[in-house]
Amino acid sequence: MKIIAVGRNYVEHIEELNNERPDEPVIFTKPDTAILKDNAPFYYPEFSKDIHYEVELVLKISKEGKNIQEKFASKYYDEIGIGVDFTARDLQQKAKEKSLPWALAKGFNGSAPISDFKPVSEFKNLGDINFGLRLNDEVRQEGNTSLMLFSFDYIIAYVSRFITLKKGDLIFTGTPKGVGSVQIGDKIAAYIEDEKLLDFEIK
Ligand code: MG
């Protein structure tokens, strides 16, 4: 399986990092070794001094597809979970300054903690899902899918023009405002609506 992620999909997050608003989704990937499951701890890596959390809704692809039309895109994912797109912001900043890829800043071991997934049928309206992140029990990020620049279906259609999607692939759909640094000893919890789906420690 593979992990595909969308950068810059929420306007207020674009503004907080002084990035440009994109005309098309900004896409990057993480290797499968980035995944952390079952609330496993995140071990702070030695190569960074500025690891940021980014809470994101995650789609799970249910069947293979390429060149998927947007009007059929909803047939290609059947579960939604929540994850953290951990980012070595210091490495990413250096890469951005030199127009180099983000692969290591975004794809290092453990950079993609994910929750268990919920069937799409449990959501009343995919365009109105609240989600968020708490750091040590304090609310740091709150988002709603109505604020996305590019919808789930648009992202699926767009990505599948370039990369064939396969059953089990994960798509991180972008983070709302409020990203910030973590320290060893911090606790991160992530929510969809009022349900805590992720709860793990930084070690
Ligand atoms: Mg992100």
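Just so you know, ligand 1 is whichever comes first in the structure, and atom 1 is the first atom listed for that ligand.
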Checklist outcome for this item: The protein N, O or S atoms lying under 2.8 Å from the Mg ion (ligand 1) are Glu54 OE1, Glu56 OE2, Asp85 OD2
Checklist entry - By side chain to side chain contact (heavy atoms under 4.5 Å, CB included), which residues pair with Asn109, not counting sequence neighbours? => result Thr33
Checklist entry - Do Arg140 and Tyr53 meet the cation-pi criteria used here (NZ or CZ under 6.0 Å from the six-membered ring centre, within 45° of the axis)? => result no
Next on the checklist: Under a 3.5 Å cutoff, is there a donor and acceptor pairing between the side chains of Asp153 and Ser74?
Outcome noted: no
Checklist entry - In chain order, what residues pass the side chain to side chain contact (heavy atoms under 4.5 Å, CB included) check against Leu91, with sequence neighbours excluded? => result Phe47, Ala88, Ala105
Checklist entry - Looking just at side-chain N and O atoms, do Gln141 and Thr175 make a donor-acceptor pair shorter than 3.5 Å? => result yes
Output a table of donor-acceptor pairs, distance under 3.5 Å, between side-chain atoms of residues 182-190 and any protein atom two or more places apart or on a different chain; print 'none' if there are none.
unit_1	atom_1	unit_2	atom_2	d
Asp186	OD1	Asn136	ND2	3.0
Asp186	OD2	Gln183	N	2.7

